[in-house]
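Have a look at the structure below, then the notes.
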Amino acid sequence: MRANYHTHTFRCKHATGTEREYVENAIENGIKILGFSDHTPYLFSDEYSTHIRMKMGELEEYITTVLELKREYQKDIEIHVGLEVEYFSDFFDELYRELEQYPLEYFLLATHWYRNSHKTDPYFGIYTEEGRILDNYYQQAVEGMKRGCFTYFAHPDLINYPSNTERYKQTMKKVCRVANQYDVPLEINLRGVRLGKQYPNGDFWKIAGEEKCKVIIGCDAHTPDELDYQVPYEQAMEYVKKYNLQLIEEVTFKPWK
Ligand SMILES: [Zn+2]
Ligand SMILES: [Zn+2]
């Protein structure tokens with residue numbers, strides 16, 4: 001694995017490890033390009049703040065820390081700083097304006113929560129047969145990709161909706177087509193493999209293969225150890241072979257300012 005662009009830090013409150021520990025583990029595992037993409041802070045209108053992301057006040061230090069390591073380790077590894085960002089349409093524009101002041105290099109698109117992740121809005125990973133939840137997942141994914149600022153789409157198959165249904169298949173076919181139209185690679189997520197989550201979902205990757213989508217593999221490391229990618233990587237490669245996926249190893253960051 002030459003490049004991994006999906007890495008968290010302790011700042012998001014559900015990952016552990018300092019940026020330096022991730023860098024050293026990446027080098028140890030032979031990774032040449034390491035991108036940090038911790039969960040973005042979000043500016044919700046009522047200052048609702050979740051337990052799974054850093055606060056806006058921590059963003060500057062996150063970026064500075066990564067950029068210092070980038071200089072320090074430049075002979076050993078190429079380091080980049082970005083964020084993993086949900087497309088919550090009610091709040092995205094304000095967030096974007098705020099983020100513009102920072103030297104962030106890239107964004108990964110992620111769909112984690114129904115609507116705006118407020119209070120009772122469920123996590124997309126909870127099993128559901130409700131069409132409105134699938135529809136909102138689709139909407140966030142597609143509207144997000146159409147903004148043109150996302151370098152790739154992380155775990156696009158996170159939603160836990162019956163994937164053997166025609167409704168799922170038609171929806172995901174459209175997601176894949178928009179990904180192609182806007183040149184957004186789709187990520188096979190190694191954390192999902194590692195933890196035996198509902199993703200990677202073979203039904204999704206079959207469609208992505210038929211649609212000839214660009215595919216990238218990401219560690220989604222929430223501990224420095226999760227950069228030791230060998231075992232889940234081999235399993236991910238089985239999907240790549242089985243569904244004839246167009247694997248890419250590196251990405252070009254989408255300009256976003
Ligand atoms: Zn996370
Ligand atoms: Zn992530």
Side-chain angles (χ1 to χ4, degrees), residues 1 3-19 21-23 25-26 29 31 33-42 44 48-56 58-59 62-63 66 79-88 92 95 99 104-114 116-117 121-126 137 140-141 144-145 149-160 179 184-201 204 215-229 232-233 236 251 253-254:
M1 195 174 187
N4 167 54
Y5 301 97
H6 197 164
T7 315
H8 294 275
T9 78
F10 69 94
R11 292 169 203 282
C12 67
K13 305 182 191 79
H14 63 280
T16 55
T18 63
E19 288 83 348
E21 289 171 309
Y22 284 91
V23 170
N25 266 278
N29 285 290
I31 292 169
I33 301 171
L34 178 67
F36 283 90
S37 53
D38 212 352
H39 294 280
T40 186
Y42 235 106
F44 295 118
Y48 172 66
S49 111
T50 69
H51 57 289
I52 59 89
R53 51 183 87 249
M54 69 176 92
K55 293 202 161 62
M56 193 54 82
E58 295 173 282
L59 182 60
Y62 162 68
I63 297 171
V66 175
I79 295 174
H80 297 283
V81 65
L83 289 171
E84 179 176 15
V85 183
E86 294 90 351
Y87 184 76
F88 296 135
F92 184 79
L95 172 69
L99 296 179
L104 288 157
E105 294 174 277
Y106 71 101
F107 299 140
L108 302 184
L109 175 65
T111 37
H112 292 116
W113 277 278
Y114 180 63
N116 293 308
S117 83
D121 291 342
Y123 175 54
F124 281 130
I126 295 170
Y137 188 87
Q140 288 188 33
M145 288 191 281
C149 60
F150 290 104
T151 287
Y152 80 58
F153 184 5
H155 41 61
D157 47 346
L158 181 142
I159 189 155
N160 203 347
V184 181
L186 306 174
E187 179 206 67
I188 300 181
N189 187 279
L190 295 191
R191 191 157 192 255
V193 176
R194 203 184 281 277
L195 303 182
K197 288 179 177 258
Q198 73 280 8
Y199 56 91
N201 180 323
F204 178 88
V215 172
I216 186 151
I217 294 176
C219 286
D220 196 3
H222 282 69
T223 69
D225 287 352
E226 288 179 357
L227 292 169
D228 179 358
Y229 58 84
Y233 188 85
V251 291
F253 295 143
K254 288 261 193 309

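Throughout, residue positions are numbered sequentially from 1 according to the sequence presented. Just follow the structure's listing: the first ligand is 1, and inside any ligand the first atom is 1.
The side chain to side chain donor-acceptor pair (under 3.5 Å) test applied to Thr16 returns no partner, not counting sequence neighbours. Partners of Phe253 by side chain to side chain contact (heavy atoms under 4.5 Å, CB included), not counting sequence neighbours, listed by chain and number: Tyr5, His80, Glu105, Tyr106, Thr151, Val251. For Asn201, the side chain to side chain donor-acceptor pair (under 3.5 Å) partners two or more places apart in sequence, or in a different chain, are Ser163.
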Please step through side chain to side chain donor-acceptor pair (under 3.5 Å) for the pair His39 and His14, ending with a clear verdict.
CA-CA 10 Å; His39 294 280; His14 63 280; 3.2 Å; yes
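Closest non-hydrogen pair, Leu158 versus Gly125, comes out as CD2-N, 3.7 Å.
The Zn ion (ligand 1) has no N, O or S atom of Cys12 under 2.8 Å away, backbone or side chain.
Closer than 2.8 Å to the Zn ion (ligand 2) sit the protein N, O or S atoms His6 NE2, His8 NE2, Glu84 OE1, Asp220 OD1.
Between His8 and Glu84, the side chains place a donor N or O and an acceptor N or O closer than 3.5 Å (distance only, hydrogens not considered).
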